[in-house]
Amino acid sequence: MMVAAAGCRDDELVIPTEYEVLPIAIDASATPAVMYLLNEGNMGSNKSTIDMVDFRTAMYYRNMYAERNPTVVKELGDVGNDIQVYGSRLYAVINCSHKVEVMDATTLERIGQVDIPNCRYIRFWGGEAYVSSYVGPVEIDPTAPLGAVYRVDTATLAIKDQVTVGYQPEEMEIVDGKMYVANSGGYRVPNYDNRVSVVSLEDFTLQEQIPVAINLHHIRQDHQGKLWVTSRGDYYDEPSRMVVMEPRGGRMVVTDTLEIPCSDLAIRGDSLYFLSSAFDYNTGQTRVTYGIVNTVTKRQVSTNFITDGTEKEITAPYGIAINPTSGDIYVTDAKNYVSSGMLHCYSPQGVRRWSVRTGDVPGHFCFR
């Protein structure tokens with residue numbers, strides 16, 4: 001069943017939120033209560049949207065922001081790149097609109113925005129938000145400047161400081177008062193960056209730059225304290241891979257490199273679930289893989305976490321998340337990258353439970 005609710009904006013049609021019943025049990029005490037999905041939207045189209053799975057009512061909400069904020073011009077904006085909940089607020093990083101949109105985490109009503117150029121990812125620590133930024137314009141440029149991380153007061157949404165890191169910084173992870181930043185250098189192709197920047201959060205200064213691998217993207221900590229860093233490679237001769245960093249003598253060092261391609265990952269317990277959609281310019285082909293790595297042994301233990309064969313129905317796997325309570329696995333399909341995608345839910349055993357249509361280019365998750 002699908003129901004559309006009406007909305008209005010002066011001289012402009014507001015696309016209403018769509019409501020769809022999911023084939024799951026209603027659980028008034030489900031934890032987490034909801035999962036948000038940020039759809040990137042095609043660059044230049046201002047079509048970034050937010051969908052929501054409500055586990056307590058078994059409902060899927062498609063495109064919530066526009067209806068909840070009918071007076072906001074251009075709606076959520078251009079290219080959503082990250083979404084996180086902190087306290088009572090929901091933060092969406094909108095890359096090409098150069099802003100972090102701040103909303104009430106329950107109603108999605110707009111609270112304000114933080115203007116940050118070419119922003120990428122957001123993390124939180126001690127009442128402050130940290131946002132990675134390419135700093136320069138959105139364009140390939142061999143002279144593109146060093147990137148930065150901005151520090152934002154979450155109470156006032158004021159930018160308090162910034163620190164220069166590597167070229168085109170992506171994801172960050174915060175461990176024991178230090179922030180580890182994966183730098184890509186993607187705008188400076190073929191001269192990619194290969195470093196993880198280490199920033200002291202106490203005085204917000206750059207402490208060191210650790211060589212890891214070229215064109216870095218994701219960085220996540222497992223519960224043993226190791227950092228898992230992904231490299232996109234150069235799409236020609238250097239393949240995508242995973243790199244493990246571990247604490248040694250008070251600092252993080254590279255201990256292992258796994259020749260496993262990775263576009264996105266999610267860690268639960270001792271299992272790292274990954275998917276890859278690796279393009280190779282030499283062949284013009286995209287190689288799709290799914291798997292599980294044991295974070296203790298650092299060995300791949302599964303070559304496909306989807307066990308019922310339904311991965312054949314996925315065109316372009318893009319994002320992954322794991323329900324922290326049920327262990328259900330969520331995988332998005334970006335399809336053709338210009339129109340509606342799909343969200344698939346799999347059991348911990350890899351059997352598909354349900355699928356639902358999403359916004360354009362679904363890619364980023366968070367739970368509340």
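Since the model is a prediction, treat every value here as computed from it, not as a measurement.
Atom SG in C119 sits 7.5 Å away from atom CD1 in I94 (nearest 0.5 Å). Annotation: the span from S263 atom OG to Y290 atom OH amounts to 10.0 Å, rounded to 0.5 Å. Note that the OG1 atom of T315 and the CG atom of N336 stand 8.5 Å from one another [nearest 0.5 Å]. To the nearest 0.5 Å, the span separating CD1 on I122 from CG on D82 amounts to 7.5 Å. Atoms CD1 and CG, on I111 and D104 in that order, are 5.5 Å from each other to the nearest 0.5 Å. Put simply, CG on L108 and CG on N69 are 7.5 Å apart, with the number rounded to the nearest 0.5 Å.
Between Y134 and Y187, the gap from one ring centroid to the other is short of 6.0 Å. Ring centroids of Y235 and F279 are separated by 6.0 Å or more, keeping the two rings apart. Residues F365 and F367 place their aromatic rings such that the two centres sit no closer than 6.0 Å. Taking the six-membered ring where the residue is Trp, the centroids of Y91 and F124 are separated by under 6.0 Å.
With hydrogens and angles ignored, the 3.5 Å screen pairs a side-chain donor or acceptor of N81 with a backbone N or O of R120. At least one donor-acceptor pair under 3.5 Å links the side chain of D360 to the backbone N or O of S340. Proximity of a side-chain donor or acceptor of D115 to a complementary backbone N or O of K99 within less than 3.5 Å is not detected. For R68 (side chain) and T107 (main-chain N/O), a donor-acceptor pair under 3.5 Å exists by modelled atom type. Judged by distance alone, with hydrogens and angles left aside, the side-chain atoms of D270 form no donor-acceptor pair with the main-chain N or O of N294 at under 3.5 Å. Of the possible polar contacts, one joining the S132 side chain to the Y121 backbone as a donor-acceptor pair under 3.5 Å is found. Under the 3.5 Å distance criterion, the side-chain polar atoms of N118 are matched with a main-chain donor or acceptor of G136. A donor-acceptor pair is defined here as one N or O able to donate and one able to accept, closer than 3.5 Å; no such pair exists between the side chain of S133 and the backbone of I116. Of the possible donor and acceptor atoms, none in the side chain of S48 sits under 3.5 Å from a partner among the backbone N and O of D78. At distances below 3.5 Å, at least one donor-acceptor pair connects side-chain atoms of T17 with backbone N or O atoms of N63.
Here E75 does not pair with K47 in a salt bridge; the nearest charged N to carboxylate O distance is not below 4.0 Å. Salt-bridge formation is not detected for the pair D27/R56: no Lys NZ or Arg NE/NH1/NH2 atom is positioned less than 4.0 Å from an Asp or Glu carboxylate oxygen. The pair E171-R123 counts as a salt bridge, with a side-chain nitrogen and a carboxylate oxygen less than 4.0 angstrom apart. Salt-bridge formation is not detected for the pair D280/R287: no Lys NZ or Arg NE/NH1/NH2 atom is positioned less than 4.0 Å from an Asp or Glu carboxylate oxygen. Of the charged side-chain nitrogens involved, none lies within less than 4.0 Å of a carboxylate oxygen, so that K178 and E208 do not count as a salt-bridged pair. Salt bridge annotation for K335-D333: present, with a cationic side-chain nitrogen under 4.0 angstrom from a carboxylate oxygen.
In this structure, a donor-acceptor pair under 3.5 Å is present between the side chains of D203 and S200. Under the 3.5 Å distance criterion, with hydrogens and angles disregarded, no donor-acceptor pair is assigned to the side chains of D264 and H217. Residues Q84 and Y86 have side chains that never bring a donor and an acceptor to within less than 3.5 angstrom of each other. Side-chain N/O atoms of Q168 and Y192 include no donor and acceptor closer than 3.5 Å.
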- Take E246 and K226 through the salt bridge (Lys or Arg N to Asp or Glu O under 4.0 Å) test and state the conclusion after the steps. CA-CA 5 Å; E246 300 183 61; K226 299 188 294 296; 5.2 Å; no
- Query: Can you list the steps and then say if L76 with I50 is a side-chain contact (heavy atoms from CB on, under 4.5 Å)?
  - Reply: CA-CA 8 Å; L76 189 58; I50 296 174; 3.7 Å; yes
- Message: Assess the residue pair L272 and M242 against the criterion (side-chain contact (heavy atoms from CB on, under 4.5 Å)); give the C-alpha distance rounded to whole Å, side-chain angles, the decisive distance to 0.1 Å, and a yes or no.
- Response: CA-CA 11 Å; L272 183 155; M242 298 184 203; 3.9 Å; yes
- Item | Test salt bridge (Lys or Arg N to Asp or Glu O under 4.0 Å) applied to R220 and E173, step by step | CA-CA 6 Å; R220 309 279 176 85; E173 185 66 281; 6.0 Å; no
- Message: Working note: L258 + W228, criterion side-chain contact (heavy atoms from CB on, under 4.5 Å); need CA distance, chi angles, decisive distance, verdict.
- Response: CA-CA 10 Å; L258 283 63; W228 293 79; 3.9 Å; yes
- Message: Apply side-chain contact (heavy atoms from CB on, under 4.5 Å) to residues R241 and C262 and explain how you reach the verdict.
- Response: CA-CA 6 Å; R241 51 172 58 96; C262 180; over 6 Å; no
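Between L227 and V175 the shortest side-chain heavy-atom distance falls below 4.5 Å. T289 is listed as a side-chain neighbour of F274, based on a closest heavy-atom distance under 4.5 Å. D308 is not listed as a side-chain neighbour of Q349, based on a closest heavy-atom distance of 4.5 Å or more.
Within a 6.0 Å radius of CE in M52, other residues, nucleotides and ligands contribute more than 12 heavy atoms. In N282, the CG atom is crowded: over 12 heavy atoms of neighbouring residues, nucleotides or ligands sit closer than 6.0 Å. Other residues, nucleotides and ligands place no more than 12 heavy atoms under 6.0 Å from the CD atom of E202.
Cluster membership for L38 and M64, using ILVMFWY side-chain heavy atoms within less than 4.5 angstrom, is shared. Under the 4.5 Å side-chain contact rule for hydrophobic residues, V331 and L265 do not share a cluster. I314 and M342 fall into different hydrophobic clusters, where Ile, Leu, Val, Met, Phe, Trp and Tyr are joined by side-chain heavy atoms under 4.5 Å apart, directly or via other members.
Geometric assessment of R151 against the ring of F204 yields a positive cation-pi assignment under the 6.0 Å and 45° thresholds. Under a cutoff of 6.0 Å and an axis angle of 45°, R188 and Y167 form a cation-pi pair.
Below 30°, between 30° and 60°, or above 60°: for H364 and Y318 the angle between ring planes is above 60°, a perpendicular geometry. Relative ring orientation between F55 and Y330 is described as tilted, the plane-to-plane angle lying within the 30° to 60° band.
For the side chain to side chain donor-acceptor pair (under 3.5 Å) with D51, the lone residue among Y36, Y60, Y61 that qualifies is Y60.
When all heavy atoms of G341 and P362 are compared, the closest pair comes out as CA-CD, 4.0 Å.
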